[in-house]
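Numbers here simply count residues along the sequence, with the first being 1. Just follow the structure's listing: the first ligand is 1, and inside any ligand the first atom is 1. Here the structure is a predicted model, which means the values were calculated and not measured.
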Amino acid sequence: MTTLAIDIGGTKLAAALVEDNLQIRERRELPTPASKTSQALRDALKALVQPLQSQAHRVAIASTGIIREGNLLAINPRNLGGLLHFPLVQTLEALTRLPTLAVNDAQAAAWAEYCAMADDTRDMVFVTVSTGVGGGVVSGGQLVTGTGGLAGHLGHTLADPNGPVCGCGRVGCVEAIASGRGIAAAAQGTLAGCDAKAIFSRAAEGDEQASRLVAYSAQVLARLIADTKAVTDCQRVVVGGSVGLAQGYLTQVRACLEQMPPVYHVELSAAHYRHDAGLLGAALLAQGEKG
Ligand code: ADP
Ligand code: BMX
Ligand code: ZN
């Protein structure tokens with residue numbers, strides 16, 4: 001069977017046809033519209049899936065936000081231009097007339113990365129550092145979504161009680177500091193108005209402020225990983241997202257983690273499926289794949 005897999009992030013929408021052997025074809029991307037109203041997202045999804053839908057048997061969505069009963073509920077609406085709620089499954093079923101499944105993006109990616117592991121790991125955590133900071137937990141070989149879909153939202157744990165206010169309403173969340181948006185929001189002077197991608201380029205050129213912003217994100221992420229180890233006793237943490245996968249980032253996270261007592265140390269790796277982990281995880285879940 002062919003799955004039309006869709007990944008809805010705070011910055012980009014991606015879609016592709018995924019075969020049961022996980023081969024990807026016709027991958028497409030569009031920017032995520034920033035609008036409080038659902039119409040813009042609906043229109044963008046329509047444009048994204050229309051060229052692909054006739055070749056698919058089902059739809060599988062990995063989306064930013066808490067996914068509850070097929071609906072997207074933003075914990076941080078700022079990542080979606082203020083959009084609070086979107087009827088994901090209903091919208092895609094109406095657009096494609098295909099059976100549709102939806103799951104949180106980081107939960108989906110965690111499942112794909114877990115299924116890709118060749119060893120006997122049963123407990124792992126996936127962290128995406130992207131527009132926001134998301135997470136997915138696999139415990140005892142099972143993906144943990146929670147009864148309300150909130151499980152694994154690691155980006156909304158505390159990094160600094162004196163830190164910036166997060167879009168979720170709490171003060172000092174990991175996401176408010178370490179995410180692409182968090183890095184960009186802290187930039188001042190010559191870097192004011194730059195996005196995280198530009199800040200990483202400037203850091204690579206030796207810009208001092210840019211290097212500090214990247215280093216602080218990596219440090220906050222390392223602390224989050226230590227907390228995650230303490231909570232889950234996972235054997236591996238996999239890092240994804242465009243910030244997480246950026247050149248040199250994971251090396252900095254690893255160096256910070258190594259400064260901590262050994263009990264917090266855990267195997268760290270970059271996502272095996274790189275930027276496609278969400279798409280493939282959603283497709284695997286739609287296939288009913290148990291790993
Ligand atoms: P999404 O959140 O939509 O899933 P991404 O994983 O691409 O999308 O994350 C978007 C964030 O990553 C933005 O803040 C963007 O500035 C940043 N980003 C994109 N490319 C890079 C890069 N090469 N290096 C560092 N940051 C990047
Ligand atoms: C936010 C939250 C999570 C999501 C994470 C990463 C919203 C809209 N999203 O913490 O559900 O998993 O961002 O999302 O509240 P991404 O867009 O950065 O991939
Ligand atoms: Zn938060």
Which residue supplies the protein heavy atom nearest to atom 21 (C) of ligand 1, what is that atom called, and how far is it?
Lys197 CG, 3.6 Å

When you measure from atom 8 (O) of ligand 1 to every protein heavy atom, which one gives the shortest distance, and what is it?
Lys12 NZ, 3.4 Å

Taking the Zn ion (ligand 3) as the apex, SG on Cys168 and SG on Cys166 give an angle, to 10°, of 110°

Taking the minimum heavy-atom distance to atom 2 (O) of ligand 1, which of Thr11, Asp7, Thr131, Asp195 ranks first?
Thr131

What atoms of ligand 1 come closer than 4.0 angstrom to any heavy atom of Gly10?
1 (P), 2 (O), 3 (O)

I'd like to check which ligand 1 atoms, numbered from 1 as shown, lie under 4.0 Å from a non-hydrogen atom of Gly180.
14 (O)

Within a strict 4.5 Å, meaning less than it, do heavy atoms of the Ile67 and Leu72 side chains meet?
yes

For the Zn ion (ligand 3), find the closest N/O/S atom on His156 and give its atom name.
ND1

Do Phe126 and Gln107 have side-chain heavy atoms sitting under 4.5 Å apart?
no

Shortest reach to atom 11 (C) of ligand 1 by a heavy atom, considering only Ser130, Gly244, Gly241, Cys194:
Ser130

When you compare the side chain of Leu83 with that of Lys36, does any pair of heavy atoms fall below 4.5 Å?
no

Shell of residues surrounding ligand 2, defined by a 4.0 angstrom heavy-atom cut-off that is strict:
Gly9, Gly10, Thr64, Gly65, Ala74, Ile75, Asn76, Asn79, Leu80, Asn104, Asp105, Ser130, Thr131, Gly132, Val133, Gly134, His153, His156, Glu175

If you have a sec, work out which protein heavy atom is nearest atom 18 (N) of ligand 1 and how many Å separate them, to one decimal?
Ser242 CB, 3.6 Å

Contact between Ile225 and Val266 at the side-chain level, heavy atoms closer than 4.5 Å - yes or no?
yes

Heavy-atom nearest neighbour in the protein, as seen from atom 4 (O) of ligand 1, with distance rounded to 0.1 Å
Gly9 CA, 3.8 Å

4.5 Å side-chain heavy-atom contact, Asn76 and Cys166
yes

Passing option when Val133 is tested against Thr128, Leu224, Val243 for side-chain contact (heavy atoms from CB on, under 4.5 Å):
Leu224

Less than 4.0 Å is my threshold; does some heavy atom of Thr32 fall inside it relative to ligand 1?
no

Rounded to the nearest 0.5 Å, how far does CH2 of Trp111 lie from CE of Met124?
10.0 Å

Give the numbers and elements of all ligand 1 atoms closer than 4.0 Å to a heavy atom of Ala246.
24 (N), 25 (C)

Assess whether a salt bridge exists between Glu26 and Arg28, defined as any Lys/Arg side-chain N lying under 4.0 Å from an Asp/Glu carboxylate O.
no

Donor-acceptor side-chain pairing of Arg58 and Thr3 below 3.5 angstrom
yes

How many angstroms lie between OG in Ser269 and CZ in Arg236, if you round to the nearest 0.5 Å?
4.0 Å

Quick check: is Leu221 connected to Met260 through a chain of hydrophobic side chains (ILVMFWY, heavy atoms under 4.5 Å apart)?
yes

Looking only at side chains, do Gln235 and Asp119 share a donor and an acceptor under 3.5 Å apart?
no

